[in-house]
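Inspection log for the structure reproduced underneath, given as structure tokens.
Throughout, a chain's letter reflects where its sequence line sits, starting with A, and its residues are numbered from 1.
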Amino acid sequence: MAPPSHPWNLSPSEAIALQKELAARVICRGTPENVKTVAGVDVSFGGEMARAAAVVLGFPDLEVTDHAVVTRPVTFPYIPGLFTFREGPVAVAAIEQLAKRPDLIIFDGQGLAHPRRLGIASHMGLLLDLPTIGCAKTRLCGTFDPPGPEKGSWSPLIHRGEVIGAAVRTRTNVRPVFVSPGHLLDLPSAIRFVLACCRKYRLPETTRQADHVAGGGGIRDPSAGPRTPSGRPRP
DNA sequence: GCGACAG
DNA sequence: ATCTTGTCGC
């Protein structure tokens, strides 16, 4: 079936109805074969503008090979459960600017681990018809037992009796991240790819590189010059 | 009704 | 997300 296409200028209630329809088309099974490139996507805000960055890394070497940045006006408020309608439009634009479509994309947010099973990773996977993974810094819904303290250990994230994702320890003795399949792969695969993208930090390199390019810490005026911790010029 | 609530 | 300095710990 053809990848779905739809307008973004919806009201919150219309957006919720759309999520329920699209969720039925998400496929959380299988494992992507021959993955040679993995992309990371992240969006930062400044005033009324949203800036998305898509960065492509080689897999499994994780060397950056391409990136694209797109800035647009914000058109939707932040509402837990609906933030795809805030970050999705500009995120898609950035991904479409890449020279080549990546083999897999990791988003900074949930995938299946969403109240209606359609976090940004699942939604984007459907629209782009690409394998996607949701890797969030915090939980949106579901309950879980703390995973073991060592890097690599994880515990299932459960919601309404279903396993929707996992709390994964990407670094020893560091808060876990929340991984869930977005589209076209299962949970075990999602966990393996996220761990394979982690080096010496809690977040996968894909997300870190995208955050870096998007302007982690907010969109600021370049002509404002560098700022020091004290806000005072460096001696 | 009350608390929770991706970024 | 963004605003924002110093600080406790491995």
Side-chain angles (χ1 to χ4, degrees), chain A residues 8 12 15-16 19 22-23 26 40-54 69 71-92 94 105-125 132-144 149-151 157-160 164-183 190 194 200-204 206-208 210-221 224 226-234:
Chain A
W8 288 109
I16 289 175
Q19 291 184 323
L22 296 180
V26 174
V41 175
D42 190 39
V43 181
S44 63
F45 297 83
E48 287 304 288
M49 299 300 272
R51 178 158 67 197
V69 180
T71 300
R72 289 186 170 183
V74 172
T75 62
F76 202 89
Y78 168 66
I79 299 174
L82 295 180
F83 99 79
T84 295
F85 293 85
R86 182 177 170 78
E87 300 196 350
V90 65
V92 172
I105 304 177
I106 297 179
F107 286 84
D108 186 14
Q110 320 292 342
L112 222 209
H114 177 280
R116 291 171 290 283
R117 306 294 183 268
L118 196 82
I120 190 169
S122 298
H123 198 142
M124 296 292 100
T132 58
I133 295 171
C135 181
K137 293 183 287 295
T138 61
R139 174 195 72 88
L140 206 208
C141 65
T143 59
F144 66 100
E150 327 74 26
K151 172 178 182 176
L157 179 61
I158 298 170
H159 183 56
R160 297 176 185 169
I164 58 175
V168 182
R169 202 76 74 178
T170 54
R171 281 204 69 189
T172 298
N173 293 324
V174 167
R175 284 183 303 156
V177 294
F178 298 82
V179 178
S180 59
H183 187 46
V194 166
K200 39 188 304 196
Y201 302 95
R202 178 169 82 119
L203 300 180
T206 42
T207 299
R208 300 186 73 256
D211 181 83
H212 189 226
V213 176
I219 300 175
R220 296 207 188 68
D221 180 359
R227 295 178 302 101
T228 55
S230 65
R232 168 171 31 73
R234 210 166 239 129

side-chain contact (heavy atoms from CB on, under 4.5 Å) between A:V41 and A:D108, worked out
CA-CA 7 Å; A:V41 175; A:D108 186 14; over 6 Å; no
Verify side-chain contact (heavy atoms from CB on, under 4.5 Å) between A:T75 and A:W8, making sure each step is shown before the conclusion.
CA-CA 9 Å; A:T75 62; A:W8 288 109; 5.9 Å; no
Worked check of side-chain contact (heavy atoms from CB on, under 4.5 Å) between A:R51 and A:V69:
CA-CA 7 Å; A:R51 178 158 67 197; A:V69 180; 3.5 Å; yes
Audit row: A:L203, A:T170, side-chain contact (heavy atoms from CB on, under 4.5 Å) steps and yes/no
CA-CA 7 Å; A:L203 300 180; A:T170 54; over 6 Å; no
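Across all strands, A:Q110 comes closer than 4.0 Å to base atoms (heavy-atom distances). A:F45 comes within contact range of the sugar-phosphate backbone alone, with a heavy-atom separation under 4.0 Å but no base atom that close. Heavy atoms of A:N173 sit nowhere under 4.0 angstrom from any nucleic acid atom. If you check every strand for non-hydrogen atoms under 4.0 Å, A:I79 touches nothing. When heavy atoms are screened at a 4.0 angstrom cut-off, A:L82 is found touching base atoms of the nucleic acid. Here A:G81 lies in heavy-atom contact (under 4.0 Å) with a base.
Atoms CZ (A:R171) and C1' (C:dG9) sit 13 Å apart, rounded to a whole Å. The distance from atom CZ of A:F85 to atom P of C:dA1 is 21 Å, rounded to the nearest whole Å. The CZ atom of A:R202 sits 17 Å away from the C1' atom of C:dG9 (whole-angstrom rounding).
Pairs of Watson-Crick or G-U wobble type, with distances under 3.5 Å, never assemble into runs of 3 or more in DNA chain C.
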Could you summarise the pairing of DNA chain B as dot-bracket text, marking Watson-Crick and G-U pairs under 3.5 Å with ( ) or [ ] inside the strand and | across strands?
.......
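The shortest heavy-atom contact between A:R169 and A:R175 is NH1-CA, 4.0 Å. Closest approach of A:C141 and A:P115 over heavy atoms only: SG-N, 3.7 Å.
Taking CD1 of A:I120 as the reference point, atom CG of A:L82 lies at 11.5 Å (rounded to 0.5 Å). Atom CG of A:L140 sits about 8.5 Å away from atom CD1 of A:I164, to the nearest 0.5 Å.
The cationic atom of A:R208 (NZ for Lys, CZ for Arg) lies less than 6.0 Å from the six-membered ring centre of A:Y201 and within 45° of the ring axis.
The closest side-chain heavy-atom distance from A:P181 to A:I133 is not below 4.5 Å.
Ring geometry, A:F85 versus A:H123: the interplanar angle exceeds 60°, so the pair is classed perpendicular (tilted spans 30 to 60°).
Reading DNA chain B from its 5' end, the first and the last nucleotide to sit under 4.0 Å from a heavy atom of chain A are B:dA4 to B:dG7.
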